[in-house]
Amino acid sequence: MSSSLTPEQKQRIEENKAKALEKLKRKATNETQDRNDQQQKPLPKRARWTKYYEYDLSTMVDSKGGFLVEESKEDQLVQARKEQATKLSPFIRSHAQFTPCFVAISADPSENPKCRDCQSMDVDPIFYQVFKISVCPACKEKYPERYSLITKTEAKEDYLLTDPELRDTELLPHWSKPNPRKSTWNNMMLYVRYMVEEYAFKKWGSEEGLDAEYERREAQKKDKKDKKFKEKLADLRRRTMTSNWERKRQQGPHKHVFGTPVDDPDTGVTTETCQECGLTVESEEL
């Protein structure tokens, strides 16, 4: 069965075909225009800092810009302080910002250093090298009353130790570091608290002996302070009396200024009193 199209149907087909072609052409034109606009648009700016580098400023060396500059006395003093500091392993110095783990490891596990508290093999390298103590970082944080570091000043004031005792590394090992407040000052000396306590208790007999010596010294300081205060007070009084005497001496002899005479009718005595010094003079008329 053959179907024949009427002229109206053929005309409608041609119109729809023309509309479809026009729509496709318009779509292609729009896509071409959008592509050209995108190519003409400026590219987005990239971030100024695309990467972040972390530097260890403590290891940086001032090269003076390549010039030969004479070192000042302050530079020489800073270099001397650095040379006097405790020498640590190069690995620890260069990786101080990370968790250091440089400890000599043996093939035999029984020969490796272990934490004295928890038997962990994660031993702190600075404590192991400087103080010859095997302790892990976790136990250091857990027992600050034993493994905290104290300065030389605290050891002298709290545990009554002397400079020769604190400088003797055989008695008390210490970690000498450049002073963080000013590089030209003397190096900061750090001690492990429990080592200082053990030596102080041994020196003064016991913890009670240390407390008794501390109280005795505090009482002695108080007595010296009171004595010094009394001496200053006596000196102030002496200078005050001297200044009053000198002022009176410069003014010359005292001149009495008597007030109104008072007569006693019974005895017939007349009394006069100085208004400045209080001197009383009695006179009798004959």
Side-chain angles (χ1 to χ4, degrees), residues 1-69 71 75 78-79 82 85 87-115 117-129 134-144 147-149 175 177-183 188:
M1 179 178 179
S2 60
S3 61
S4 60
L5 299 176
T6 62
E8 295 178 356
Q9 292 176 341
K10 292 181 178 180
Q11 184 178 1
R12 191 178 301 113
I13 292 173
E14 293 295 335
E15 290 178 355
N16 293 337
K17 184 178 180 180
K19 288 181 181 180
L21 292 175
E22 183 66 23
K23 187 175 181 180
L24 292 174
K25 184 178 180 181
R26 189 164 55 249
K27 183 178 181 181
T29 303
N30 293 336
E31 290 179 355
T32 304
Q33 186 176 359
D34 293 341
R35 193 179 303 109
N36 294 335
D37 293 342
Q38 290 179 0
Q39 292 177 357
Q40 292 177 1
K41 286 183 180 180
L43 296 176
K45 294 183 179 180
R46 298 177 62 187
R48 185 174 181 180
W49 305 108
T50 57
K51 293 183 179 180
Y52 174 76
Y53 299 94
E54 183 176 356
Y55 294 97
D56 185 5
L57 301 181
S58 62
T59 60
M60 297 183 68
V61 180
D62 185 7
S63 62
K64 310 298 182 183
F67 295 94
L68 299 178
V69 182
E71 292 186 355
D75 296 336
V78 172
Q79 185 64 26
K82 290 182 179 180
K87 302 299 186 296
L88 298 176
S89 168
F91 180 88
I92 296 178
R93 287 205 306 270
S94 60
H95 297 76
Q97 68 272 25
F98 304 110
T99 302
C101 57
F102 182 78
V103 178
I105 302 298
S106 174
D108 186 2
S110 61
E111 297 179 357
N112 294 328
K114 298 180 181 179
C115 177
D117 294 322
C118 65
Q119 301 301 316
S120 172
M121 295 184 62
D122 185 17
V123 177
D124 188 287
I126 296 181
F127 271 61
Y128 185 76
Q129 290 190 22
S134 299
V135 61
C136 65
C139 291
K140 278 175 53 182
E141 298 294 332
K142 186 177 180 181
Y143 306 108
Y147 301 114
S148 60
L149 298 177
W175 181 15
K177 296 177 58 179
N179 199 303
R181 296 187 178 181
K182 195 171 183 180
S183 56
M188 182 173 60

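A quick note: this is a predicted structure, and the numbers were derived from the prediction, not measured. No hydrogens, no waters, no symmetry mates; every other heavy atom, side chains included, goes into these values.
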Derivation of the side-chain contact (heavy atoms from CB on, under 4.5 Å) call for Ser134 and Cys115: CA-CA 5 Å; Ser134 299; Cys115 177; 5.9 Å; no
Sequence neighbours left out, cut at 3.5 Å: what donor-acceptor pairs do the side chains of residues 19-33 make with other protein atoms?
from, atom 1, to, atom 2, distance (Å)
Thr29, OG1, Lys25, O, 2.8
Asn30, ND2, Arg26, O, 3.2
Thr32, OG1, Ala28, O, 2.9

For the student: nearest non-hydrogen atoms of Pro113 and Val123, plus distance: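 Result for this residue pair: O-CG2, 3.5 Å.
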Over all atoms of both residues, closest heavy-atom pair of Ser148 and Pro144: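 Distance-wise, the nearest heavy atoms are OG-O, 2.6 Å.
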Enclosure of Glu8 CD (heavy-atom neighbours >12, cutoff 6.0 Å):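 No, CD of Glu8 has 12 or fewer neighbouring heavy atoms, counting only those of other groups under 6.0 Å.
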Partner residues of Asp117 under the side chain to side chain donor-acceptor pair (under 3.5 Å) criterion, sequence neighbours left out: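 Only Arg146, Tyr147 meet the side chain to side chain donor-acceptor pair (under 3.5 Å) criterion with Asp117.
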Any residue meeting side chain to side chain donor-acceptor pair (under 3.5 Å) with Ser120, in chain and number order, not counting sequence neighbours: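 None.
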Euclidean distance, Leu149 CG relative to Trp175 CH2, rounded to 0.5 Å: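 So the CH2 of Trp175 and the CG of Leu149 are separated by 7.0 Å.
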Point-to-point distance, once rounded to the nearest 0.5 Å, from CE of Met188 to CG of Asn179: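 The CE atom of Met188 sits 6.5 Å away from the CG atom of Asn179.
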Pairwise salt bridge (charged side-chain N to carboxylate O under 4.0 Å, His left out) hits with a residue in residues 134-144, at least two apart: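 The answer is Asp124-Lys140.
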